[in-house]
Amino acid sequence: MQKKLLITGGAGFIGSHVVRLFVQKYPDYQVYNLDALTYAGNLENLKDIEEYPNYTFIKADITDAEAINNLFVQHQFDGVIHLAAESHVDRSITNPNAFIQTNVMGTANLLNAARETWKGNYDGKRFYHVSTDEVYGSLGAEGFFLETTPYDPQSPYSASKASSDHLVRAYGNTYGLPFVITNCSNNYGPNQFPEKLIPLFINNICTNKPLPVYGDGKYTRDWLFVVDHAAAIDLVYHKGKNAETYNIGGFNEWQNIELVKLLCTKMDEKLGREPGTSAQLITYIKDRPGHDRRYAIDASKINKELGWYPSVTFEEGLSKTIDWYLENQEWLNDITSGAYQNYYETQYSTQS
Ligand code: NAD
Ligand code: TYD
């Protein structure tokens, strides 16, 4: 029988790469992409696969419990890969409630619908929750996040994701719902909304706008190419052990300022500008409140148990990412008009 797989948030950055991978790799699965198409959701991301016979788009909001229940009754999904979320830390600082609604209540609605539909017959069923390393809080100069690291979320975003992780585990523990959770580090790559560091700075360099570096710029993140995250999700969905957590990371830590300097060098090369031109745009601005100092993932469990490892180096991934943005100016122009301008003004105009 055909497997009916629900992917939530498939019109967003990571979700669109996951949908593409599953639609193309598993022609015998029927893949349903459920997305509310918020500011971060864009069906342009999936233009190349929208005509595939095993792909269906459903416009729905996970905060609407009735709509979600009806969809489960109608389609009888066997599996769920849940990515739909409010995902940007800065937005969670200005509007935490949207994060609590979507990330906590929305996840609860999906869990309830899955539980009700599967009614204790869990054969061949799986609820996969896609989460973040930010639930573990902030590291000092040393150490790594392990799957056993206690949760210590610091921002409304990470607190909402931590809540949803706890709910998923609680449904597994209480009702036996089959689940798996992955906590991944910072992603980068094609189709990322230009509010996050790398696409924002690529866009600003192209348009000669300041590059707003928060605080002293010495905050550290572990960067992973989005296509490698999608490959890890495929592996964990099919081979991960029930009720387990897997950390996913890039083995690739960078201080923000060092990453920005590398990006500037690459952009000068790609745009044929004099070396040093883009770096002149670097502008230190007021820090993000509660800014987590360092994230670093120990991804040895997924590596040892499932054989996953990133397929591209950071140099390669960054180069591919820059090329994609330079070749897709129209995509960028479409989403940086309208509401984006207001967001940008509010976020950055008073911060220098
Ligand atoms: P994104 O913001 O690019 O996409 C989120 C998608 O969810 C959008 O298509 C949006 O329309 C949809 N959505 C939002 N609210 C919705 C709602 N109420 N109902 C239905 N759809 C809704 O996010 P992303 O960066 O692709 O992240 C995807 C997931 O991966 C999130 O759960 C995030 O927490 C997690 N994650 C992201 C990163 C990262 O670096 N971006 C790292 C680790 C984990
Ligand atoms: P971001 O891409 O927002 O991801 P996250 O906050 O989830 O890690 O930010 C990555 C890092 O870059 C983080 O330390 C904040 C910093 N940053 C800036 O310095 N300036 C910016 O304009 C943005 C968006 C981020």
Side-chain angles (χ1 to χ4, degrees), residues 7-19 33-43 45-46 58-64 67-68 81-93 98-99 101-103 105-107 109-110 129-135 138 155 157-158 160-161 164-165 182-189 191-201 204 210-224 226 229-230 233 247-250 254-257 259-260 282-288 290-295 297 344 347-348 351:
I7 300 180
T8 71
F13 166 48
I14 302 170
S16 61
H17 289 274
V18 175
V19 167
N33 168 19
L34 184 157
D35 199 295
L37 300 181
T38 68
Y39 79 92
N42 187 351
L43 288 177
N45 295 346
L46 291 167
I58 302 171
K59 186 171 185 311
D61 191 323
I62 58 168
T63 65
D64 183 344
I68 296 302
I81 303 181
H82 175 36
L83 296 108
E86 288 291 338
S87 68
H88 189 37
V89 174
D90 290 330
R91 288 185 192 253
S92 84
I93 294 167
F99 287 69
Q101 283 304 324
T102 287
N103 300 0
M105 294 308 299
T107 302
N109 290 337
L110 288 165
H129 183 54
V130 176
S131 193
T132 167
D133 61 353
E134 304 192 24
V135 299
S138 181
S155 73
Y157 165 64
S158 53
S160 68
K161 290 296 291 186
S164 57
D165 291 10
T182 49
N183 295 86
C184 187
S185 63
N186 287 62
N187 284 215
Y188 69 97
N191 306 96
Q192 188 169 29
F193 194 83
E195 63 188 356
K196 307 275 169 63
L197 182 73
I198 291 179
L200 174 72
F201 280 30
N204 283 13
L211 305 178
V213 174
Y214 295 156
D216 64 3
K218 292 187 177 160
Y219 294 84
T220 300
R221 300 291 183 262
D222 172 359
W223 293 93
L224 176 67
V226 64
H229 188 188
I233 289 174
N247 282 350
I248 306 172
W254 285 82
Q255 274 192 354
N256 291 341
I257 189 63
L259 188 162
V260 170
I282 294 173
T283 311
Y284 288 92
I285 66 163
K286 200 173 110 200
D287 212 347
R288 170 188 281 174
H291 199 167
D292 288 337
R293 193 64 173 167
R294 175 170 165 260
Y295 303 143
I297 279 273
Y344 198 86
Q347 181 61 25
Y348 294 105
Q351 295 212 352

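For ligands, and for the atoms within them, numbers begin at 1 and follow the listed sequence. Index from 1, following the sequence.
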Fill in the blank from the handout: A student checking ligand 1 against Y157 at a 4.0 Å heavy-atom cut-off should list atoms 33 (C), 34 (O)
Practice task
Could you establish whether Q347 and ligand 2 come within less than 4.0 Å of each other, counting only heavy atoms on the residue side?
Solution key: no
Problem - ligand 2 versus D292: contacting region, heavy-atom distance under 4.0 Å - result: neither
Practice task
Return yes when A11 approaches ligand 1 closer than 4.0 angstrom through a heavy atom, no otherwise.
Solution key: yes
Practice task
Would you kindly say whether N191 and S16 are connected by a side-chain donor-acceptor distance under 3.5 Å?
Solution key: no
Problem - Proximity of N186 to ligand 2 by residue part, where a heavy atom lies under 4.0 Å - result: side chain
Exercise for the section: Check whether any N or O atom of E195, backbone or side chain, sits under 3.5 Å from an N or O atom of ligand 2, and answer yes or no. Expected result: no
Handout entry: Short N or O distance, L34 and ligand 1, threshold 3.5 Å exclusive
Key = no
Practice task
Record the part of Y214 in heavy-atom contact with ligand 2 below 4.0 Å; permitted values are side chain, backbone, both and neither.
Solution key: both
Handout entry: H129 side chain to S164 side chain, donor-acceptor N/O pair below 3.5 angstrom
Key = yes
Problem - Test item: D35 side-chain N/O and A11 main-chain N/O as donor-acceptor pair under 3.5 Å - result: yes
Handout entry: Option with minimal heavy-atom separation from atom 5 (C) of ligand 1, where the choices are S160, A85, G9
Key = A85
Handout entry: Any Y348 heavy atom less than 4.0 Å from ligand 2
Key = yes
Handout entry: N/O separation below 3.5 Å, W223 to ligand 2
Key = no
Practice task
Calculate, to the nearest 0.5 Å, the distance between atoms CD and OH belonging to E134 and Y295 respectively.
Solution key: 3.5 Å
Exercise for the section: Counting heavy atoms only, name the option from L37, L83, N187 that's nearest to atom 40 (O) of ligand 1. Expected result: N187
Problem - Cation over ring face, R91 and Y39, 6.0 Å, 45° - result: yes
Handout entry: Side-chain (T8) to main-chain (L83) donor-acceptor, under 3.5 angstrom
Key = yes
Handout entry: Any donor-acceptor N/O pair, S138 side chain to R293 backbone, under 3.5 Å
Key = yes
Practice task
Kindly confirm or rule out an N or O of T38 lying under 3.5 angstrom from an N or O of ligand 1.
Solution key: yes
Exercise for the section: Using a 4.0 Å heavy-atom threshold (strictly under), name the region of N256 that reaches ligand 2: side chain, backbone, both or neither. Expected result: side chain
Practice task
Could you say whether the N/O atoms of T102 and ligand 1 ever approach to under 3.5 Å?
Solution key: yes
